[in-house]
Every structure is written in structure tokens, then in C-alpha cells.
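One structure is given below, encoded as C-alpha cells.
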Amino acid sequence: MGQFNYMKKKCWNNSQKGWFLYVVLLFVILMPVKLYAQGLPIKGKVVDEQGEPLVGVNVRVKEAKEFAVTDINGNFIVKSNKDAILIFTYVGYTTMIEPVKGRTQLSIVLKENAEMLKEVVVIGYGSLEKRSITSSITSIKGDDLKIGVGGATIATALQGKISGLVINGTSSPNSGDSFQLRGLASINASKDPLIVIDGIPGGDIRALNQEDIESIDVLKDASAGAIYGTRAAGGVILITTKQAKTGKVKIVYTGEVAMETIRKKPEVFSADEYLANDLGEDFGAKTDWYNELLNDNPISQRHSLSVSGGSKDILLYGAFSMQDQKGIVIGDNRKDYSGRLNGTFNLFDGRAQIITNAEYREANRDQRNSSDSFNMALALNPTIPLWDPDDPSKYNVFGNGIYGTDFNPVSDIMLRTNNGKDSWLLSNATLKLNLTKECSVQGTVGYQKSQWQQYKYVSPEHRESIDNTRGGSAYHGYSKDERLSADVYATYNKNFAKDHRINAVAGYSYWEATGESFNMTNYDFLVEGVGPWDIGTGTYLTQGKASMNSYKDPRERLLSFFGRVNYSYKDRYMLMASLRHEGSSKFGENHRWGNFWAISVGWRLSDEEFMKRFSFISDLKLRAGYGVTGNNGFGSGYTTRMYSSGSMWQTNGEWNTTYSSMRNINPDLKWEQKGELNIGLDYGFFNGRLYGKFDWYYRKVSDMLYTVNAPMPPMVHTTVLKNIGNLENKGWEFEIGGDIVRDKNFKYSSTMRLSHNSSKLLNIGLGDNEYLDQVTFPSPGNPGTGARLQNNMVLGQFFVYKYAGVDDDGKWLIYDKDNNVVAANDQTLVVDNKRYVGNAIPKLIVSWDHSLQYKNFDLGISLRSWIDFDIFSQVNMYYGLKNTTQINILKKMYKKNAHINDEKIICDYWIEDGTFLKIDAVTLGYRLNLKKYNPYVDNIRLYLTARDLAVITGYSGANPEVNINGLNPGFEYIKSKDSMYPQTIRFTLGAQITF
């Protein structure tokens, strides 16, 4: 029995060993097959045609979920089986399909996609290759916009980047920037370019975040802008926001912290100097009023986060931003929050596409500072104390040197509230149907809403309340504007007979705008501490002295039919023609509809046989175009009878509100029209290493809208709006750029832009001896006006007395109309002795950008200059003379004007050349490529930017970059925030992390 058990155990052991060896052998044989079926790691490297590794190439296994992205060295690892097919995709390169065929190591070479690398320019209702453009258009990519502009707004980032575009603004967080393209576009109608965001006209550039911008395309001439009809007289700025790209989710975070410091401020006498020069009474203090208005190196911050990605069918781009801006001036701050969601949905194998864009932005503004604050800070006696311990507010509000119209500029800000909230909603949705390979139809619906809320409160301890014997004041204001648009158009693209190409668009557009506003004011509150939030308790309401107003704008509608055709033969001869037939509700039935057309041609000389011998010429294209645009940028209600409440009238012993017409109507009112001729030349030399363009233009604005005296009767109001007058602009623009060094480790490129513009009023409806005086100078005194408009005058001139020196007593001498030297007195300071002097429009505007890259370092430098133009400095005039009014004086002017012992007069003594060279921005950056160290972080870019770093000028005033936009350019005003706001240097430290 024991032997049996032994033999049984031995047999089982042998059997188990056999089965075990069999199973192991089977596992060894079959497991590789199973692993291979599940996917073995396939390694490889992707390079370009020069052998350089490509970072971020998408590697996808066909009909499987496996996916990889190449690292900084172009390497990848992906699991696949022996029969798998790998698909390699990379922006700007041809997609490559590579079968594995059992290999575990692959070497992939991607070729550049010539079609994708062709630069595309957005135009009205479509896009074209840049080389096919026949009009004057400047394009900026969003990524280029961000280089060297840390801490900048979109407006300041555009400074100098577009020849012919002048942007005016300040360093204030609440600055309102104005844009003027190729000179003045109108006198009374809209002067700014039309902003089109994602195809929706009438947008607000302030509503956008610069990280969300894909491209900005500026249509400068009328042949490019005519397809936008009535709103394109000032040019068109097309802004396209970002959409996601196919691939893994990409996250980009940008964080910035910025600090500002004063670059230059006007230097007036200190208290000791003021007394030493016997300029006024001593009140015992030493107050630097200008410095008291300043924050000490305020710190601002900005954060932006974007997430994008998706499949070939669904792509989503989402972004959120927050910024907290502290102004250099007390009572001047702003906080912004914004969110954006863009989506692209491809349906039915690409036969249909839905594109959506939505953004909400909110700006909360603290804007207690006013233009008068700095004017008063310069003027006040520096011995007047800032504080008064006996005053309830502890500020020196009244008395102790503060008398008459003087006020304490610090307490004026600190004892008031002035908060505003801007909000914008931008949204649109597009359905595009690709009917055939050549033809598509799309419809877009857009909705925009902007809203403004303002809350003001003046403390009972404020000088304003004390002067009016009331316990404070409160104000609530609200306004809302809504815009609805709908566009439907068909696009046809066709290449035929090898050398012929047509791009055509035809469609319909509808646009509607409405608005409403409301405000209320009350005074004399018994309880302070709740600010404007208990406005009904003010006693003025019960006394019938409070105010309440509301208004609804007349609804404005535009209805349009449009079409455009672009034709090209051999990409050598090009033709573009467009037409927009548009009607506006603003105009009377006699002139409600207008036609706005354009035609332009292009000739690529570099493709002609007779040019082949010039091998250094890579591209040479001649362009010419003419177009007609309109301008309906003025208020509604000039052709339709409108009524408003007026005076009170007593009937049967009761007082009733009367209603009467608001203004005279003009049924013959019609469009302002601008006709513009543009001739240009695009060039590229040495295989595109040297490139640029030249444009010359002439435009004439006719039927300008102008308010003139009305005959009474039959009209019941004194003025009426009519089409009167003509305006002309002419000028040129030149750009030259080059990739000066293009090495593996070092790259250097530079671009210079030059422009010149001149505007002339041909006719503004005045007689030969009639004129309109402009720019009235403020008190103290009654200096008069400094500008005049009349027929056939060049804009930008000052209308002043001509300085002839001073007599032995330091009294002014001027030239009279016969050029005789006469004493300036009541008999000679008459209009007949004034003359046109100087011009505020620069003879030449120059910008010069430099971009350098060495390995992972980058350096951007932006310079800008205005050359040969004049400035009239009210600052020097009002604070540059010794007088008996106890006004403080600028140190530099006191010494310079020591020979003058007289009251100020408006003469060319105060006009100076304003030529300057400005270092707009310097940015130093470094990029850390982390892909090979961290699978989740692609790269980090660190950068430091200094904006408005220095200004080199001989101008003695506060800031030579005065406002040169509009009808009366070139004045450095004492009561303008644009002129008086301090000039600052802004240092920004930033980091951009890409995941």
C-alpha cells in the first residue's frame, strides 16, 4: 500500500511537471502573439526636410484610440500591432500615412504643405491668399501681437504696427482710446474705423482679450472696405478670435504682474521756491500737490487661462481672464473679468459645420479722478496745507488758502464716489453647408449687448456740498445698447482650365440697433454711510428739485444686398469687383438707399518673362483700386419727427408737461460718401528675405453732414442737419521688413513703417468770408480761441497772433495783418490780426520693430517717432508766466519767460516743434522646453517688458504725443485728461505656461 502511494505520488509529480512545462511553453509561444495583438511599443522620430526635429506632431493609430505627441527631440512612443497604420499630422505640414509593417523603430520625414503655408488674409465675407490681394490690407497674427507687449491693452499693442493708423490714449486704466485711419474721415459723422469681430460688425475692441485673438486684418482703402457699405468710411478692422485645433487638450496659462512709475511730470516751484520768488502768500505748509495725487508705484495683475482641443468632429476653445489694474493716480482703478467659449462642430462627414462664438466681459471702474485734478494741482499755492484737523473730513476743504474757484484736488477725489460698470456680451452662431467642393452657403446670426451702469456720491463734507449748502448728492445712471445681425451668403471657389481661378460671394445682410437709458439724481441726505444706495431719502425729492430722466433711442435698421468677385489668371493678373446695395432707416424716403461699389486690379510683374533676368526679385505686384463707401455714423431721428417733454404749462389751474418736436427734420438727408483711389506696390527680394509695400492714396468725402442755421419760419428750431461740404485726404505709406539673420540658433528680423497724411476742408457750407472759431481757452482771463475752420483750409493749423517780441517793460508785441510790429492791447488783439501758423499733423510718422532670437532667448524692441509737427502748449501758457493771481509756475518756464511781464495771450510763442522718438516697448523673454522632463508641461516662457521706456524730444511741455486725431489736433490742454494724465513707465513680469 505504501509502495502504491509512493508510485502514485511519483506519477502525479511527473504529470504535474509535464503539464506545467507544457503550459509554460504554450505561454512563451502565445504571449508575444497576444502582446503583439494588444500593441507593442513602436518608437520613432519625426523631423522636417532639413533634419530638424518637430515638436508636437500628432501621431495617431488609424481606427484605434492610441495616440502620442512628439517631444522636444521629435521622439514618440505609441502602441500598435504589426498591421497598424500610423497617421502623422502637424500644422503647416502635409499629413503622412505610414504602415508599421512589423517594425518597432520608425524614422519619419514630414514635408511642408505649400498650400497651408500660404498666408491667408481675412477680407469682407471671406478670405483670400495674401498674394491674391489687390487692395491695401495689413494683417497681424495674434501671436505676433503679443510679442513685446506685456501689460498692454489691444489698443496700445497695435501702436505703430499698422501704417496710417493713429491711436490716442493714456496710461490710465480707464483710458478711452480713439482710432483714426488715414486722416479725418468726417466732421460730424463717425470718424473711427468699423470694428468687425468674428464677422459681426459694430463690435467693441475693449471687449476682447488679446490672448483670444487669432488675427487682425485692417482694410485701409475703400476698394477693400466698400463691401461694408455705410459704415466703412473710416476703414475696417476685422478681428478673428481663436478656434481649437484637432488633437490633445491644450492648456495655456498667462500670468502678469506690473508696476508703474512716473516717467516725466511737470516741475512747479516747491513751497520754499514759491516764497523765495514772491509768488504768493505763505499759509505755512509744504505741499507737493502733484505728488499727493499719485499712487506710489502701484501694482497691477492679470491672469488668463485657455483650454482648447477636440476631435475632427468637435473642437472647443474656452478662456477665462481676470485683471486688476491700479492707476498711477488716486481714484483711478479698474477690475475686469471675462470668459469666452468658441466651438466648431463638423457634421455629416464635413458637409455641414456649426461655428459658435460667445464672450462676456465686465469692467468695474473707479473713476473719481477728473481732468481738473491735475490742472488744480499745478496751480495751487504749495504752502496751502493738505490737511485740516478741525474739518470733519480732516482735509483742508475750505478756507486756509482754499478760496474762490480753487479746491483741494485730493479731497475732491477722496470725498466722492464715482463707480461704473461696463459689460459686454458678444455672441454669434454660423451654419455652413458645403454643397459641393466649390460651393458653400452659410448663415450667421449675431447678438451683441453692451451695458453701462454708474453710481456717484458726493459726501456732505465735500466742497461741492458745502458751496451749495446741502448734505451730499447721489446719482444712478444706466444705459443699454443691443445689436442684432443676420447674414446669409453663398461662396463659390473654382479653379478651372488650369490657369483661371474665381472666388465669388453673394448675400444678404440685416442689422438692427436699439438703446435705452435712465438716470436719477437726488440731494441733501440726512444719513451718510450708505452712499448712493438710498437715493430716495434725499430731501430734494420731496421739494421737487430732484431729477429723473429716461430715453429710448429710435430703432436703427440696415438692410443690404452684397456681392464680390475675385478673378485671377495664372496668379499674375487679378481683378476684384464688389457692390453693396444698402438701405438705412436713418435717412428720409428720398435717399434711403445707396450703392457702394469698388473695383481693383493687380499685376504680378515678377511672373512676366521680361522680369526673369532679375533673379533677386521673388515677388513684385502692382495694385490699383477705387471704391466708394458711406457714413451713417450719426444719431437717429433727423428724418423722422420726434417729440420730447419740454416746459410746464398751466391749464385750468394745473401745471402740465408739454411735448414738442426735438429738432427740425430733413427728408432729403443722405449718405456721406467717400471715394478713394489707392495705388500700391508689394515687393519681395532674395526669396522673401526682404519684403514690404508702398501705397499712395487720395480720397474725397462729399455730402458731409453739417449743422447749419435754419430758416424760421417755416422751421421751428434754429438749426438743421444738412449735406454740405467736402473734405479730402491724401498721403502715402511705406513698409520695409527683412529677415536679416536666419540661423539655426540666431534669428533677427526688423520692420520699419513710414506714413504721411494731409487733410483739407474744401467746403463746409460757409461763404467766402465766413468761418467757425474753435478751441475756446478756459479761464482765468478770456484769451479767446486758438483754431478756425473755413473753406479751403488745411487741417491742423493754429489760428493765433504772431509773436514779435516784448518791449522794454516786458509787454507783448505782435505782428498785425500788415506785418507791422504793434503792442498787444485791446485795440490790436483783434481777429483781423490773427493768422494761420504751423501744423499739428506730423510730416512723417515712423515705427521700427526689432525681433531677435538666440536659442531660447527672445528680445523685442518697438520704436516710434512723429517728425516735424507743432504743439500749442496750454500748460506752458497758463503756468509759465509770473502774475498776481498766486498761481504756481513751472520752473523751466519761469526762467525762460523771465523777460515777459504781461498777461497770457494766444500767440505762436507757445507753439513748439513736437518731434519725438519713443521707445514704446522692450521685452526680454526666455522659453524653457520641458516636454522631455515633464509629460504634462510643454514649455514655460518667462518675460519682462518695459513699456513707454523713454521719450527723446526737444519739446518743453509735459508730453509731445498729444492728440492728433479729430478736427482740432495738436493742443496740449490743461483741462483734458489725455494731456494732463501723468506719463508712466510700466514694468511687467510675466509667465506663460503651456500644458
Side-chain angles (χ1 to χ4, degrees), residues 178-194 221-222 225-226 228-236 556 558 582 584 586-588 590-597 626-639 663-677 697-710 717-731 757-775 787-797 841 964-969:
S178 68
F179 295 75
Q180 184 170 286
L181 182 62
R182 289 187 167 182
L184 189 68
S186 179
I187 292 180
N188 287 320
S190 175
K191 304 171 182 63
D192 290 353
L194 172 68
D221 70 330
Y228 285 105
T230 63
R231 293 168 288 175
V236 183
E556 178 189 355
L558 291 171
E582 188 157 46
S584 170
K586 282 186 176 181
F587 297 96
N590 299 342
H591 299 283
R592 183 155 289 174
W593 290 86
N595 294 315
F596 306 97
W597 58 274
Y626 183 84
V628 176
T629 58
N631 195 334
N632 76 332
F634 64 100
S636 300
Y638 287 91
T639 59
R663 59 179 70 93
N664 292 324
I665 64 170
N666 181 0
D668 294 318
L669 207 62
K670 58 183 179 181
W671 318 93
E672 285 189 359
Q673 285 199 349
K674 180 191 75 175
E676 182 173 6
L677 172 67
Y697 60 89
Y698 173 84
R699 67 186 189 185
K700 183 177 180 180
V701 182
S702 58
D703 295 323
M704 284 195 303
L705 296 166
Y706 210 83
T707 302
V708 298
N709 293 330
H717 297 275
T718 57
T719 60
V720 63
L721 189 67
K722 297 183 68 175
N723 293 100
I724 290 180
N726 304 298
L727 165 73
E728 73 171 16
N729 290 291
K730 55 186 176 182
N757 175 268
S758 176
S759 300
K760 186 177 183 180
L761 285 176
L762 301 178
N763 175 22
I764 54 173
L766 300 174
D768 292 338
N769 297 316
E770 294 180 316
Y771 53 82
L772 295 171
D773 284 331
Q774 306 274 294
V775 190
R788 170 172 285 189
L789 302 181
Q790 61 186 53
N791 294 340
N792 294 310
M793 67 159 289
V794 176
L795 282 176
Q797 299 177 92
I841 305 300
I964 60 171
N965 292 345
L967 204 56
N968 298 297

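This one's a predicted model, so the numbers in the text were calculated from it and none came from an experiment.
The closest side-chain donor-acceptor pair between Asn968 and Gln774 falls under 3.5 angstrom. Neither side chain, Asn726 nor Ser702, offers a donor N or O lying under 3.5 Å from an acceptor on the other. For the residue pair Asn632/Glu556, the side-chain donor-acceptor check at 3.5 Å is satisfied.
At least one cation-pi condition fails for Arg592 and Phe587: the charged atom is not both under 6.0 angstrom from the six-membered ring centre and inside a 45 degree cone around its axis.
Counting only heavy atoms from C-beta outward, the side chains of Leu967 and Leu789 approach each other to under 4.5 Å. Within the 4.5 Å cutoff, side-chain heavy atoms of Glu582 are placed close to those of Thr230. The closest side-chain heavy-atom distance from Lys760 to Asn729 is not below 4.5 Å. Side-chain contact check for Leu795 versus Leu727: some heavy-atom pair is nearer than 4.5 Å. Annotation: side chain of Met704 is in contact with side chain of Ile764 (closest heavy-atom distance under 4.5 Å). Leu761 places a side-chain heavy atom less than 4.5 Å from the side chain of Ile187. With contacts defined as side-chain heavy-atom distances shorter than 4.5 Å, the pair Tyr626/Val628 qualifies.
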Legend entry - Test side chain to side chain contact (heavy atoms under 4.5 Å, CB included) applied to Ser759 and Asn757, step by step: CA-CA 7 Å; Ser759 300; Asn757 175 268; 3.4 Å; yes

For this session: For the pair Ile841 and Ser758, evaluate side chain to side chain contact (heavy atoms under 4.5 Å, CB included) and give the outcome as yes or no after the intermediate values.
Result: CA-CA 7 Å; Ile841 305 300; Ser758 176; over 6 Å; no

Would you check, one step at a time, whether the test side chain to side chain contact (heavy atoms under 4.5 Å, CB included) holds for Gln790 with Glu770? CA-CA 7 Å; Gln790 61 186 53; Glu770 294 180 316; over 6 Å; no

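Minimum heavy-atom separation, Gly627 to Ala222: O-CB, 3.3 Å. Shown here for Ser186 and Ser190, the closest heavy-atom pair between the two residues is CB-O, 3.7 Å. Across every non-hydrogen atom of Ala232 and Gly225, the tightest pair is CB-O, 3.2 Å. Taking each heavy atom of Ala233 and Thr629 in turn, the nearest pair found is CA-OG1, 3.5 Å. In this structure, Lys670 and His591 approach most closely via the heavy-atom pair CB-CB, 3.4 Å. Nearest heavy-atom pair across Pro193 and Leu181 is CG-CB, 4.3 Å.
Taking NZ from Lys700 and CG from Leu762, the interatomic distance works out to 6.0 Å, rounded to the nearest 0.5 Å. Here Asn791 contributes atom CG and Asn763 contributes atom CG; the two are 4.5 Å apart, rounded to the nearest 0.5 Å. Rounding to the nearest 0.5 Å places CG of Asp773 at 4.0 Å from CZ of Arg788. Taking CG of Asp221 as the reference point, atom CG of Leu677 lies at 9.0 Å (rounded to 0.5 Å). Here the CG-CG distance, from Leu705 to Asn631, works out to 7.5 Å after rounding to the nearest 0.5 Å.
Between Trp671 and Phe596, the ring planes lie perpendicular to each other; the angle is over 60°, past the 30° to 60° tilted range.
Panel note: side chain Asn666, backbone Leu721; a donor-acceptor pair is recorded below 3.5 Å.
Each of Glu728, Lys730, Glu676 was evaluated against Tyr698; a single residue qualifies, Glu728, per the side chain to side chain donor-acceptor pair (under 3.5 Å) test.
For Lys722, the NZ atom counts as loosely surrounded, since its 6.0 Å shell holds 12 or fewer non-hydrogen atoms of other residues, nucleotides or ligands.
With sequence neighbours left out, Asp192 forms a salt bridge (charged side-chain N to carboxylate O under 4.0 Å, His left out) with no residue at all.
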